[in-house]
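Working notes, beginning with the structure itself.
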There are 2 protein chains.
Amino acid sequence: MPGVTRNTRQRGEVVALLGELNEFRSAQQLHADLRQRGVGVGLTTVYRTLQTLVDAGEIDVMRLPNGEQLYRRCSPTHHHHLVCRHCARTVEVAGPTVETWTKRVADEHGFTDVGHTLEIFGTCAQCAAGAQRKE
Amino acid sequence: MPGVTRNTRQRGEVVALLGELNEFRSAQQLHADLRQRGVGVGLTTVYRTLQTLVDAGEIDVMRLPNGEQLYRRCSPTHHHHLVCRHCARTVEVAGPTVETWTKRVADEHGFTDVGHTLEIFGTCAQCAAGAQRKE
DNA sequence: ATGGATGCAAATATTTTGCATTTTG
DNA sequence: CAAAATGCAAAATATTTGCATCCAT
């Protein structure tokens, strides 16, 4: 079992990139981004680093309806995402209402140790205005 | 483009099985179930049939945190699922609260054409009592 | 020096697709 | 009979793992 987490160049590159970006990216995208800027990092390492960061709670994972996993540096507190289907613009939203509701529903049915996943998808104002579908 | 949807034996088998079962199953599981009862259906066909049914809104798809896709015949109205992590027992829950909340949040941020995904995971009373982890 | 980290290639796992054949309407 | 559906094998995706080597501490 990994006792400590060492500071390697690759790890630094991944963390740095996530720090700059403010949108969800797949492991593959992040890997491509890095290579494009001339940074040598293996895809395997990107995957492993992201996994480590997720476990440490330093980044967020989200899964699109199509199954792709996207990663992003987010605020450490529990929250959900409102994502634009077209431009991928993302808004973090705190959801005390949802938290309370899920907890209550779970209680009513005798469920404990509850957790949940929630993502909201829609079209942001910009994209709606431009009505520019790029599909 | 497929104009109509024909009635084939295989399609009937899949629909029938989904009709009996009342829990989420993966395409692979459904395929195995069918073969086990001596019904000859190709895995490809199972996938294609499920896809068709989903498009027609006749069945529900859910994705576990691990990414597996599960299918189930559900009530036609919009709802969410409360799923036991251990025994996979599933409860359908209507979520007017959530619907309203997501709509409001989206509005506040100028998002339109909104949709969302929500799944609740926990430990059901039975499993909590038995404390039987079968992992 | 020593155990975690890396990265290549290969293995997994899941879902999709090409295409010849069968079946439904 | 024509179009749709089937099913096998192969392809496409995405992520994980074996293992020899490298490097941070």
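Numbered from 1 within each chain, the chains take letters A, B, ... in sequence-line order. Keep in mind that what you see is a predicted model, and the values were worked out from it rather than measured.
- When the P atom of C:dT15 is taken as reference, atom CD of A:Q69 falls 14 Å away, rounded to whole Å.
- Computed from coordinates, the A:Q51 CD to D:dT15 P distance equals 11 Å when rounded to whole Å.
- Between A:R37 and A:E20 a salt bridge is recorded (basic side-chain N to carboxylate O distance below 4.0 Å).
- B:Q10 and B:T49 share no donor-acceptor pair across their side chains, judged by distance under 3.5 Å alone.
- For the 3.5 Å distance criterion, the side chains of B:Q29 and B:D33 fail to qualify, holding no donor opposite an acceptor.
- Looking at heavy-atom distances under 4.0 Å, A:G12 makes no contact with the nucleic acid at all.
- No N or O donor and acceptor, one from the side chain of A:R48 and one from the base of C:dG4, sit under 3.5 Å apart.
- What separates CG of A:L43 from P of D:dT17 is a distance of 14 Å, to the nearest Å.
- A side-chain N or O of A:H80 and one of A:E99 form a donor-acceptor pair less than 3.5 Å apart.
- When the side-chain nitrogen and oxygen atoms of B:Q28 are compared with OP1 and OP2 of C:dA13, none of them lie within a distance under 4.0 Å.
- Side-chain rings of A:H81 and B:H116 stay apart, their centers remaining 6.0 Å or farther from each other.
- Taking for each of A:A27 and B:T45 the nucleotide of DNA chain D with the nearest heavy atom, the 5'-most of the two is the partner of B:T45.
- Salt-bridge check for A:E13 with A:R11: failed, with every basic side-chain N at 4.0 Å or more from each acidic carboxylate O.
- In this structure, B:L34 places its CG atom 11 Å from P of D:dG7, rounding to the nearest Å.
- In terms of phosphate contacts, B:Q10 brings a side-chain nitrogen or oxygen within less than 4.0 Å of OP1 or OP2 of D:dG7.
- Salt bridge A:R73/A:D60: absent, no basic N to carboxylate O contact under 4.0 Å.
- You won't find any donor-acceptor pair under 3.5 Å spanning the side chain of A:R11 and the base of C:dG4, going by distance alone.
- Side-chain N/O atoms of A:Y47 include none lying less than 4.0 angstrom from OP1 or OP2 on D:dT16.
- Whole-Å rounding puts the B:H31 NE2 to C:dT16 C1' distance at 15 Å.
- Separating the CD atom of B:Q29 from the P atom of C:dT15 is a distance of 11 Å, rounded to the nearest angstrom.
- Separating the CZ atom of B:R35 from the C1' atom of D:dG7 is a distance of 10 Å, rounded to the nearest angstrom.
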Every protein N/O lying under 3.5 Å from an N/O of nucleotides 20-25 of chain D:
{"unit_1": "D:dA24", "atom_1": "N3", "unit_2": "A:R6", "atom_2": "NH1", "d": "3.4"}

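- In this structure, CD of B:E13 is placed 11 Å from P of D:dT6, rounded to the nearest angstrom.
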